[in-house]
> 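Can you keep this structure in mind? I'll have questions shortly.
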Amino acid sequence: MKIFSVCNMPYDNFLAENSSKLEAESLLILGFGCLPTIDLVKEFNAKSDVIKGLAYLSKARNLCIVACFFAKLYEKTYLSSICIDKGVILGINDATHNLNKAEFDVGHSFRIYNTSLGRFGIVLQDDIFFPEVARGISKNKSEFILYLSKEKNCEILETALKYNAICNGKTVVALCADGFLTISPFGEIGVEDRQQFAFSNVKILNNFNMLRNLREEIYNDFLSN
């Protein structure tokens, strides 16, 4: 899969400097910091056109775009991402856990997207530390897990990414504040690129043996004394 990633570069700068390098039938990931805070009410009432601009780029360049941003909806602010495939807005999802309560409000649902490039689910920010999130995405036939964070990669985060990749038998594609990386279902780092604008040709792997051997019928029958 051809993946272009952008981190810590304002969207207008990216358009001016790098949009001509994009290839059709690719996944473009815009990390946190690329887009401004988006007021969803203004977007829906055509008083703002950030999402419209993304949809136009997606359609014009034949891309699947995933973009991260802070979303304002009335009195609340969410840490969100949007998925747009060849000009069609597939949905918006929010981070559902927050280990720093002062920054954003938590959302209440997850999304898995069927796109022209395959089926994937998105894990945002602190959701990676709650294994039920990635497990739910994996059980719903996601081909890979896309993780997005506004923080820099660190040892504990990388450990969580590897854990979720191994335990769910899925490739994890991750974009953090300091770059792009992929982790195989066997816990190996495949691609690592710390450039603001990067291109990677990613091989999506699955270890079906992990999910095939789940025995959910016995997991609720823990013995206690």
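Fair warning: this is a prediction, and the values are worked out from it, not measured in the lab.
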> Any carboxylate oxygen within less than 4.0 angstrom of a Lys/Arg side-chain nitrogen, looking at Lys150 and Glu103?
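Yes, charged N to carboxylate O under 4.0 Å.
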> Nearest 0.5 Å, what's the CG-CG distance between Leu117 and Leu27?
6.0 Å
> Check this for me: does any side-chain nitrogen of one of Lys2 and Glu23 sit under 4.0 Å from a carboxylate oxygen of the other?
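Yes, Lys2 and Glu23 are salt-bridged.
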> Within the supplied structure, the quantity of interest is the number of heavy atoms (other residues, nucleotides, ligands) at a distance under 6.0 Å from Glu155 CD; does it exceed 12?
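Count not over threshold, so no.
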> Going through the checks in order, is the side-chain contact (heavy atoms from CB on, under 4.5 Å) test met by Leu40 and Lys72?
CA-CA 6 Å; Leu40 295 179; Lys72 184 178 178 182; over 6 Å; no
> Could you see if Leu161 belongs to whatever hydrophobic cluster contains Phe110? Use Ile, Leu, Val, Met, Phe, Trp, Tyr and a side-chain cutoff under 4.5 Å.
yes
> Over all heavy atoms of both residues, which pair between Cys176 and Glu151 is shortest? Give the atoms and the distance, please.
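Smallest interatomic distance, heavy atoms only, reads CB-O, 3.3 Å.
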> Taking the side chain as every heavy atom from C-beta outward, state whether Phe144 and Val202 have any pair of such atoms under 4.5 Å apart.
no
> List, one per line, each side-chain donor-acceptor pair under 3.5 Å for residues 6-20, sequence neighbours excluded.
from, atom 1, to, atom 2, distance (Å)
Asn8, ND2, Ala177, O, 2.5
Asn18, OD1, Lys21, NZ, 3.1
Ser19, OG, Leu15, O, 2.7

> Taking the side chain from Glu143 and the backbone from Arg119, do they hold a donor-acceptor pair closer than 3.5 Å?
yes
> Ignoring hydrogens and geometry, is there a side-chain-to-backbone donor-acceptor pair from Tyr147 to Val173 under 3.5 Å?
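No.
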> How about Asn168 and Arg135: do any of their side-chain heavy atoms sit closer than 4.5 Å?
yes
> Can Leu148 be reached from Ile156 by stepping across I, L, V, M, F, W or Y side chains whose heavy atoms are under 4.5 Å apart?
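Result: no, two separate clusters.
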> Do Ile204 and Phe120 share a hydrophobic cluster (ILVMFWY, side-chain heavy atoms under 4.5 Å, transitive)?
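In one cluster: yes.
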> Are any non-hydrogen side-chain atoms of Leu124 and Ile122 less than 4.5 angstrom apart?
yes
> Could you name each residue pair satisfying side chain to side chain donor-acceptor pair (under 3.5 Å) that touches residues 90-99, not counting sequence neighbours?
Ser80-Asp94, Ser81-Asn93, Asn93-Tyr113, Thr96-Asp127, His97-Asp127
> Would you compute the distance between atom SG of Cys34 and atom CZ of Phe69 and round it to the nearest 0.5 angstrom?
12.5 Å
> Apply the test side-chain contact (heavy atoms from CB on, under 4.5 Å) to residues Val41 and Tyr74: give CA-CA distance (whole Å), side-chain angles for both, the deciding distance (0.1 Å), then the verdict.
CA-CA 7 Å; Val41 174; Tyr74 299 110; 3.8 Å; yes
> Verify side chain to side chain donor-acceptor pair (under 3.5 Å) between Ser116 and Asp85, making sure each step is shown before the conclusion.
CA-CA 7 Å; Ser116 57; Asp85 190 29; 2.9 Å; yes
> Short question: side chain of Ser142, backbone of Ile145 - any donor-acceptor pair under 3.5 Å?
no
> Between Asp178 and Asn153, is there a donor-acceptor pair closer than 3.5 Å when you use the side chain of the first and the backbone of the second?
yes
> For the pair Phe32 and Leu79, evaluate side-chain contact (heavy atoms from CB on, under 4.5 Å) and give the outcome as yes or no after the intermediate values.
CA-CA 9 Å; Phe32 289 104; Leu79 193 151; 2.9 Å; yes
> Ignoring hydrogens, what is the shortest heavy-atom contact between Ile38 and Glu43? Give both atom names and the distance.
CG2-CG, 3.4 Å
> Output the distance between atom CD1 (Ile65) and atom OG (Ser58), rounded to the nearest 0.5 Å.
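These two atoms lie 4.5 Å from each other.
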> With a 4.5 Å limit on heavy-atom distance, are the side chains of Ile183 and Thr171 in contact?
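No, every pair of side-chain atoms sits at 4.5 Å or beyond.
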> When rounded to the nearest 0.5 angstrom, what distance separates OG in Ser5 from CG in Leu28?
8.5 Å
> Is the shortest side-chain heavy-atom distance between Leu181 and Val172 below 4.5 Å?
no
> Check whether Asp126 reaches the backbone of Leu99 with its side chain - one donor and one acceptor, N or O, closer than 3.5 Å.
yes
> Does some side-chain heavy atom of Leu54 sit less than 4.5 Å from a side-chain heavy atom of Leu35?
yes
> Do Phe104 and Tyr78 have ring centroids that are under 6.0 Å from one another?
no
> Would you say Ile128 and Val106 are hydrophobically clustered, going by side-chain heavy atoms of ILVMFWY under 4.5 Å?
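Per the 4.5 Å side-chain linkage, Ile128 and Val106 are not co-clustered.
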> Is there a salt bridge (Lys or Arg N to Asp or Glu O under 4.0 Å) between Glu25 and Lys86 once you walk through the steps?
CA-CA 9 Å; Glu25 304 294 338; Lys86 296 183 177 180; 3.2 Å; yes
> Should Leu90 and Val66 be counted in the same cluster of Ile, Leu, Val, Met, Phe, Trp and Tyr side chains packed under 4.5 Å apart?
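Same cluster.
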> Any donor-acceptor pair under 3.5 Å linking the side chain of Asp193 with the backbone of Gln195?
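The answer is yes, because a donor-acceptor pair under 3.5 Å joins these two groups.
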> Is there a donor-acceptor pair closer than 3.5 Å between any side-chain N or O of Arg61 and the backbone N or O of Leu22?
yes
> If I take atom CG from residue Leu211 and atom NZ from residue Lys141, how far apart are they, to the nearest 0.5 angstrom?
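The NZ atom of Lys141 is 12.0 Å from CG of Leu211, to the nearest 0.5 Å.
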> Measure the CG-NZ distance between Leu146 and Lys170 for me, rounded to the nearest 0.5 Å.
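Result: 14.0 Å between the selected atoms.
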> Are Pro131 and Cys167 close enough that some pair of their side-chain heavy atoms sits under 4.5 Å apart?
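A side-chain contact under 4.5 Å is absent here.
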> Just so I know, are the side chains of Leu63 and Ile84 near enough to count as touching, which here means a heavy-atom distance under 4.5 Å?
no
> Fit a plane to each ring of Phe197 and Phe4, take the angle between them on a 0 to 90° scale, and name the class: parallel (under 30°), tilted (30 to 60°) or perpendicular (over 60°).
parallel
> Step by step, would you call Val191 with Phe180 a side-chain contact (heavy atoms from CB on, under 4.5 Å)?
CA-CA 8 Å; Val191 176; Phe180 175 84; 4.0 Å; yes
